[in-house]
Student: 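The following block contains the structure, expressed as structure tokens.
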Amino acid sequence: MKFINLLSTLILICFCSTLNFGQGFIFGIKGGPSIGTQNWGGFERDPLIKYHGILYVESIAEDNSFALFAQGGYHIRGSALRNQFARGLGSGDLFRLPTREFQFRNISAAIGVKQKYQMRGAFKSYYMIGVRGDYTIDTNLEQYEAINLQFGTLFYPLDAFVQKWNVGALLGGGFEFPFSEFVGSSVELTINPDFTFAYRQPQLTGVYNPFTGNNQTLSERLIRNVTIELTFGMRFLRKVVYVD
């Protein structure tokens, strides 16, 4: 419900902005694969490969070279651990761990601007920049609580330290491919860095490290998300026609 209310507000803002141009607006749906990365207090994690889906609206200028946009969608951000080995508690034997994913399942809303450039025929290229807000509705961190309890450690992240609200940027560009006056498609590549921390855990001492079999001090764990998204979309024109 929060997501629907937020998206509705953004659509209203963008729709009102189109009234200044008087040409109508574009709306559509888009989505695709995502590559999420995280830095855990100086230690880079492996990429998390997931997906995202977005609804959006966009204004139309007289020459269709500049646009305001608003969008909202579902994004899985995070990171992973691959090809890791751990020592058994007590035995000290090494064994290979399965891939572990750390998913932050977010709803995200963004507003920004597009600058477009005419290419051959009706094709256009563009770059875009915007600001966004994310709300973490869920994670998969609960599955690591049993492991933490088993080893008597807090080595893996816990839901209790997740920061629900985050602010970030949207930077990227893409291409528009018209099928007709009213229908088209797009492909874009964006990078989505967070300004704020998605996870904040205080310094902990005497933490058992399952990878080394030793106790260690974990410095304050501050995690930011950076997500790269490849997005394919469909575009639909809502045109305003004035009749005398």
Side-chain angles (χ1 to χ4, degrees), residues 3 6-37 47-78 106-134 167-195 225-241:
F3 169 63
L6 184 58
L7 181 58
S8 299
T9 301
L10 288 174
I11 290 175
L12 179 61
I13 292 172
C14 196
F15 175 75
C16 290
S17 72
T18 66
L19 299 180
N20 295 328
F21 300 107
Q23 302 296 310
F25 63 93
I26 291 169
F27 65 96
I29 185 170
K30 57 186 179 179
S34 304
I35 300 177
T37 62
L48 174 71
I49 301 175
K50 287 299 176 183
Y51 56 87
H52 63 283
I54 299 169
L55 300 174
Y56 71 96
V57 290
E58 179 182 310
S59 65
I60 305 175
E62 290 185 3
D63 57 0
N64 198 20
S65 63
F66 176 83
L68 303 175
F69 70 86
Q71 63 183 42
Y74 178 73
H75 304 253
I76 302 179
R77 311 193 191 280
N106 292 4
I107 54 173
S108 178
I111 56 175
V113 297
K114 280 185 178 181
Q115 180 63 54
K116 303 182 184 182
Y117 300 94
Q118 190 69 49
M119 300 178 68
R120 178 178 298 181
F123 296 100
K124 290 179 181 290
S125 63
Y126 62 88
Y127 69 83
M128 59 196 300
I129 182 171
V131 294
R132 59 179 175 80
D134 279 32
V167 177
L170 182 157
L171 307 164
F175 301 92
E176 296 178 357
F177 308 94
F179 299 145
S180 67
E181 181 183 2
F182 296 99
V183 181
S185 65
S186 65
V187 57
E188 64 188 34
L189 182 67
T190 61
I191 182 169
N192 302 265
D194 281 357
F195 297 147
N225 287 309
V226 178
T227 311
I228 299 173
E229 297 178 343
L230 177 62
T231 308
F232 304 92
M234 291 297 297
R235 299 166 51 81
F236 305 95
L237 170 62
R238 173 69 166 85
K239 194 172 184 180
V240 175
V241 178

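The model shown is predicted, which means the values in this text are computed figures rather than measured ones. These numbers come from the heavy atoms of this one structure, side chains and all, not from hydrogens, waters or symmetry mates.
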Student: Just by distance, do the side chain of Glu188 and the backbone of Phe175 share a donor-acceptor pair under 3.5 Å?
Tutor: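 Checking the backbone N and O of Phe175 against the side chain of Glu188, no donor-acceptor pair under 3.5 Å is found.
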Student: Write down the atom of Phe179, the atom of Ser185, and the distance for their closest heavy-atom approach.
Tutor: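 Closest pair (atom of Phe179, atom of Ser185, distance): CZ-OG, 3.5 Å.
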Student: Output the distance between atom OH (Tyr56) and atom CZ (Phe25), rounded to the nearest 0.5 Å.
Tutor: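 Nearest 0.5 Å value for the OH-CZ distance: 12.0 Å.
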Student: Find the distance between CD1 (Ile54) and OH (Tyr74) and round it off to the nearest 0.5 Å.
Tutor: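 One finds 13.5 Å between CD1 of Ile54 and OH of Tyr74.
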Student: Side chain of Asn225, backbone of Asp194: donor and acceptor closer than 3.5 Å?
Tutor: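 Answer holds: no.
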Student: Would you compute the distance between atom CD1 of Ile29 and atom OG1 of Thr231 and round it to the nearest 0.5 angstrom?
Tutor: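 Here the interatomic distance stands at 12.0 Å.
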Student: Indicate yes or no for a side-chain donor-acceptor contact from Arg132 to the backbone of Asn192 under 3.5 Å, with no hydrogens or angles considered.
Tutor: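 Judged by distance alone, yes, a pair lies under 3.5 Å.
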Student: Output the distance between atom CE (Met128) and atom CG (Leu170), rounded to the nearest 0.5 Å.
Tutor: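 It comes to 5.0 Å.
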Student: Would you check if there is a donor-acceptor pair between the side chains of Ser108 and Asn106 at a distance under 3.5 Å?
Tutor: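 Short answer, no.
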Student: For Lys50, is there any backbone N or O sitting under 3.5 Å from a side-chain donor or acceptor partner on Ser34?
Tutor: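 Pair absent, no side-chain N/O of Ser34 close to backbone of Lys50.
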Student: Is any side-chain heavy atom of Phe69 closer than 4.5 Å to a side-chain heavy atom of Gln71?
Tutor: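 Heavy-atom side-chain distance check passes, below 4.5 Å.
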Student: Looking at side-chain heavy atoms only, is the closest gap between Ile60 and Ile26 below 4.5 Å?
Tutor: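 Answer yes - side chains close enough.
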Student: Evaluate the ring planes of His75 and His52, with Trp represented by its six-membered ring, and classify them as parallel (under 30°), tilted (30 to 60°) or perpendicular (over 60°).
Tutor: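 Ring orientation, 0 to 90° scale: parallel.
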Student: Who are the ring pair (Phe, Tyr, Trp, His ring centres under 6.0 Å) partners of Phe236, not counting sequence neighbours?
Tutor: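 Partners of Phe236 under the ring pair (Phe, Tyr, Trp, His ring centres under 6.0 Å) test: Phe27.
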Student: Of all heavy-atom pairs between Ala70 and Ile111, which one has the smallest distance, and what is that distance?
Tutor: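 Nearest heavy atoms, Ala70 then Ile111: CB-CG2, 4.0 Å.
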Student: So do the side chains of Met234 and Lys30 get within less than 4.5 Å of each other, counting heavy atoms only?
Tutor: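 No, every pair of side-chain atoms sits at 4.5 Å or beyond.
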Student: Between OG of Ser186 and NZ of Lys114, what distance do you get to the nearest 0.5 Å?
Tutor: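 These two atoms lie 6.0 Å from each other.
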Student: Which is it for Thr227 and Arg77 under the side-chain hydrogen bond (donor to acceptor under 3.5 Å, both in side chains) test, yes or no, and what are the steps along the way?
Tutor: CA-CA 6 Å; Thr227 311; Arg77 311 193 191 280; 3.2 Å; yes
Student: How long is the span from the CD1 atom in Ile191 to the CD1 atom in Ile35, to the nearest 0.5 Å?
Tutor: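 Answer for the CD1-CD1 pair, Ile191 versus Ile35, is 10.5 Å.
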Student: Restricting to non-hydrogen atoms, name the atom on Met119 and the atom on Lys124 that form the minimum distance, rounded to 0.1 Å.
Tutor: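 It is SD-C, 3.9 Å.
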Student: So, for Ala67 and Ser59, which heavy atoms are closest and what is the spacing to 0.1 Å?
Tutor: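 Heavy atoms only, the tightest pair is CB-O, 3.4 Å.
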